Protein chains: 2
Amino acid sequence: MNANAADTERDLPDIGKMLCFSIYSAGHAFNQLYRPLLADFGLTYPQYLVLVSLWSRDGRTVKELGEALFLDSSTLTPLLKRLESAGLVTRTRNRQDERQVLLNLTAEGQALKVRTAPVSKCISEVVGIDAETAQKIKVAIEAIRDAIYKRA
Amino acid sequence: MNANAADTERDLPDIGKMLCFSIYSAGHAFNQLYRPLLADFGLTYPQYLVLVSLWSRDGRTVKELGEALFLDSSTLTPLLKRLESAGLVTRTRNRQDERQVLLNLTAEGQALKVRTAPVSKCISEVVGIDAETAQKIKVAIEAIRDAIYKRA
DNA sequence: TACAATTAATTTGTGCACAATATAAATAGA
DNA sequence: TCTATTTATATTGTGCACAAATTAATTGTA
């Protein structure tokens, strides 16, 4: 193999060396880990993330929720309608600004905060790393995510 | 706030503290970063990952590809049909075992290996971290992914 | 050789995820 | 005030992602 071929080889993508693929595949792994646990409550993983967001701050608009989750309204609107159909959230137009839709948890939606508590405990047990290590990895991944969104 | 309330609070999920959410949102960020770059070649990010896999080992079955990408055939079959329609891969039943479908790159599919080389270069520039740091993060994420798949 | 069990791929149905577009309300400027 | 622009949601269309069920081929076993 000559020098040029070696140079070319070095730049070519290899699935085993791609950081993006590790993130992509780990995302699927988490989804599959959450799925059966959340299915007991009739929830999907993205729906659970919406509820987690609302549990810490209720009464937000779709846009604010989207900023927290890095999702836009075309993803959230149908998802929120499903949560509304399930009786977990209400969607009401803001009287002060009729463009906005305010999201509020119902009593049942609030109650899931406590009822689903064992889920997050189970997740951290399976992942099996200590809080500090997890925090370090999380910060590193967030830095990458934020770098991408800054440039793009 | 009494001790019980503090204990309860500690266990409740917070989107800002969840490692899984950083992975989930970083995955979307990568997808959005790749999208316009790959659109020039008529590819989606998952389609690109399939091609990357085949570039390093051509002639695999759907099952083998799925094991490499952590995807099952119900995801891959329609994706591979689209790549076939685009003239990038061929799908042929294995004569030795008619249950299997062998995947092979066409000349055009092979050619994309070189033509898309600038894409991965662009990605690493935007992510903007050195190879060693990226490697460390990748290994940590893979360990989490593998821990999940081992238990689930 | 029969025929049950396993395996590989496909099909079906549901739910994200997102670009592009549409709609309607609020705001800004002339 | 009138109209152009901006903003917040919703809609449409395409493509993953996966569980569950289906089909067809192979293997195991009596």
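Here is the naming used below: chain letters follow the sequence lines, and residue numbers restart at 1 for every chain. Values in this document were obtained by computation on a predicted structure and should not be read as measured data.
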Requested in this report: Give me the one residue out of Tyr48(B), Phe30(B), Tyr45(B) that meets ring pair (Phe, Tyr, Trp, His ring centres under 6.0 Å) with Tyr24(A).
Outcome: Tyr45(B)
Once you round it to whole Å, what is the distance between [atom2] of [N] and [atom1] of [X]?
X	N	atom1	atom2	result
Glu64(A)	dA8(D)	CD	C1'	11 Å
Leu65(B)	dA17(D)	CG	P	12 Å
Ile148(A)	dC18(C)	CD1	P	13 Å
Leu38(A)	dG15(C)	CG	P	14 Å
Arg82(A)	dA17(C)	CZ	P	10 Å

Short side-chain N/O contact from [X] to OP1 or OP2 of [N], under 4.0 Å:
X	N	value
Tyr45(B)	dA17(C)	no
Tyr24(A)	dC16(D)	no
Gln47(B)	dC16(D)	yes
Thr44(A)	dC16(C)	yes
Lys81(A)	dT9(D)	no

Query raised in the report: Which comes earlier along DNA chain D counting from the 5' end, the contact point of His28(A) or that of Val62(A), where each point is its nearest nucleotide?
Result: Val62(A)
Query raised in the report: When only distance counts, do a donor and an acceptor, one from the side chain of Arg99(B) and one from the base of dT7(C), lie under 3.5 Å apart?
Result: yes
Query raised in the report: Donor-acceptor pair under 3.5 Å: do we get one between Ser74(A)'s side chain and the base of dA19(C)?
Result: yes
**Report entry** Side chain Thr133(B), main chain Ile129(B), donor-acceptor under 3.5 Å
**Finding:** no
Requested in this report: For Thr75(A), answer base if it contacts any base atom (sugar-phosphate contacts may also be present), sugar-phosphate if it contacts only those atoms, and nothing otherwise; contact means non-hydrogen atoms under 4.0 Å.
Outcome: base
Query raised in the report: Within the structure shown, what part of the strands sits under 4.0 Å from Leu76(B) by heavy-atom distance: base, sugar-phosphate, or nothing?
Result: nothing
